[in-house]
Amino acid sequence: MNLVFLGPPGAGKGTQAKILREKKGILPVSTGDILRKAVEEKTTLGQEAKKYMDAGELVPDEVVIGIIRERIVQEDTKSNGFLLDGFPRTVEQADALGRILGDSGMKLDKVVLFFADETELKKRMLERAKLEGRTDDNPDTIQNRLAVYKEKTQPLVDYYTREGLLVTVDALGEVQEVSERLYATLNGK
Ligand code: AMP
């Protein structure tokens, strides 16, 4: 099964992606993780991306599209499918994804939208800051990431609804509860 996880920062996409990998063997591909690793390793990509990430802005489309284009054709995405966590985030990225998949004879099965209210999302990100020490989990950057989500990424909800791929999962509650809702949705219940 090939999936996209869509939803605002703090909705728990990364956590649910890890669980799906353990339970179903679906390979998570997170552009955020790939970029954080590049920043840590101080590669050219990392140095370019860091300024955007620290400000809570999106890294330019061509950069992340390039990352996905290389990653998605690797063999490990083919056995049990892949799960894109945090990509696409703009209509341009979604169009590019459609082309990349089409060229490789692949397709998306579902786009899962995780939804939660802003107060809860902010609370979660501040808690995560304490646990993981992510530098972009600070109040100013969080506010900007939420604004960027609304402006640039939310249009993808309509985009994938039109394509008939969108399903929704309530992201509020315990991790386990959200997982159960996710399974039910993926199984078409
Ligand atoms: P995430 O871990 O998905 O919250 O991503 C952390 C940061 O990485 C974002 O705030 C962006 O700066 C950058 N990033 C991750 N994925 C993308 C993407 N698809 N497009 C642009 N920037 C991204």
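Order of appearance sets the numbers: ligands from 1, and atoms from 1 within every ligand. All figures in this text were calculated on a predicted structure; none of them were measured in a lab. Position 1 is the first residue of the sequence; numbering continues from there.
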- Message: Do the side chains of Lys37 and Glu40 get close enough for a salt bridge, i.e. N-O under 4.0 angstrom?
- Response: no
- Start with the C-alpha gap between Asp109 and Lys107, add the side-chain angles, then the distance that decides, and say whether salt bridge (charged side-chain N to carboxylate O under 4.0 Å, His left out) holds. CA-CA 6 Å; Asp109 295 295; Lys107 65 173 185 57; 2.9 Å; yes
- Message: If I compare all heavy atoms of Ile65 with all of Glu92, which pair ends up nearest, and what's the gap?
- Response: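 The pair with the smallest heavy-atom distance is CD1-O, 4.2 Å.
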- Message: Met53 vs Arg36, test: side chain to side chain contact (heavy atoms under 4.5 Å, CB included). Steps then yes/no.
- Response: CA-CA 9 Å; Met53 296 171 80; Arg36 273 186 291 279; 3.8 Å; yes
- Item | Distance (rounded to the nearest 0.5 Å) between Leu165 CG and Leu3 CG | 10.5 Å
- Mind checking whether Met106 and Leu83 sit in one hydrophobic cluster, side chains of I, L, V, M, F, W, Y counted as touching below 4.5 Å?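 Looking at the clustering, Leu83 is in a separate group from Met106.
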- Might you list the protein residues in contact with ligand 1, defined as having a heavy atom under 4.0 Å from one of its atoms, sorted by chain and number?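 Ligand 1 is contacted, at a heavy-atom distance under 4.0 Å, by Thr31, Gly32, Leu35, Arg36, Met53, Glu57, Leu58, Val59, Val64, Gly86, Phe87, Arg89, Gln93, Arg134, Asp136, Arg145.
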